[in-house]
2 protein chains.
Amino acid sequence: MGVTKSEKFTDAQNQVARMAKALAHPARIAIIEYLFSIDSCVCGDIVNEIGLAQPTISQHLKELKTVGLIKGSVEGTSVCYCIDHQNWLLMKNLLSPILNLDAATLNKCC
Amino acid sequence: MGVTKSEKFTDAQNQVARMAKALAHPARIAIIEYLFSIDSCVCGDIVNEIGLAQPTISQHLKELKTVGLIKGSVEGTSVCYCIDHQNWLLMKNLLSPILNLDAATLNKCC
DNA sequence: ATTTTTTATTGTAAATTTGCGATGAATAAA
DNA sequence: TTTATTCATCGCAAATTTACAATAAAAAAT
């Protein structure tokens, strides 16, 4: 099928999975790291920075934009992308509870 | 294609993406949350807990086991699964630097 | 020895993902 | 106005993911 049965899970579980999915490709990790390293809007450079074809990068940027982790604004012929700091924080607050689940456990087994 | 060009990225980027991918499905999030909530090995119950068919759950468990986040030990006819706390920590240490990138930025733009 | 229980595996179908060439759209430069 | 430049979109191919029925495997219970 390739289709996820979202209705079987809670909103929170679906949201966590959705965000994890956005981070589930090295090119998107590379893009995010680059945007943070620049710490300002980037016009152009992204395609040169990552070693993939322009349409492929454009697609990855679109996915990141769709989940809200980055935002882009048109600047002449080019488009400036940057981290959406507000949504980044929301994503962190969504994932952190999962990552820190082990801190709340007593490690009884295994 | 559907094939990721891993060789274009650093080991760290590929590892982060690999872990994020393991978390990129609500069923796997649900399984992990359940295993933490039990905080001990679980034999059987998982299929009843998540509303998906047994082969589907088995497949998700396999994926989580492959990346090392859980481990299973045969116990008679059943198999006991639990969180691999050591690898869970490794995963956390892999993802946290990415999630916390915003803490190191000056938020110059947007 | 046979049946039951539990989990893994196989096979299959459909959707999704990844990647890129070709092309389009929109603005800047000449 | 014509020609770059930059990015998005379309269309395609191939791989991967998700889901499950059917079946196998392995141990327990009868």
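Checking B/Val47 against B/Gln59, the closest nucleotide of DNA chain C that is more toward the 5' end is the one next to B/Val47.
The separation between B/Lys8 atom NZ and C/dT18 atom P is 16 Å, rounded to whole Å. With rounding to whole Å, B/His25 atom NE2 is found 10 Å from D/dC20 atom P. Look at CD on A/Glu75: it is 14 Å from P on D/dA8, rounded to the nearest Å. Distance B/Ile57 CD1 to D/dA21 P: 13 Å, rounded to the nearest Å. Summarising the geometry, the separation between CD on B/Glu7 and P on C/dG19 is reported as 9 Å, rounded to the nearest angstrom.
For A/Ala53, counting side-chain heavy atoms from C-beta on, the closest listed nucleotide (C/dT9, C/dT7, C/dC20) is C/dC20. Closest to the side chain of A/His60, out of C/dT6, C/dG19, D/dT6, is C/dG19.
Residue B/Lys21 is in sugar-phosphate contact alone, with no base atom involved, counting any heavy-atom pair closer than 4.0 Å across all strands shown. Residue-level contact check: A/Thr4 touches the backbone only, with heavy atoms under 4.0 Å from sugar-phosphate atoms and none from bases.
In this structure, B/Phe9 and A/His25 have perpendicular ring planes: the angle between them is above 60°, well past the 30° mark.
A donor N or O paired with an acceptor N or O is found under 3.5 Å between the base of C/dA8 and the side-chain atoms of B/Gln54.
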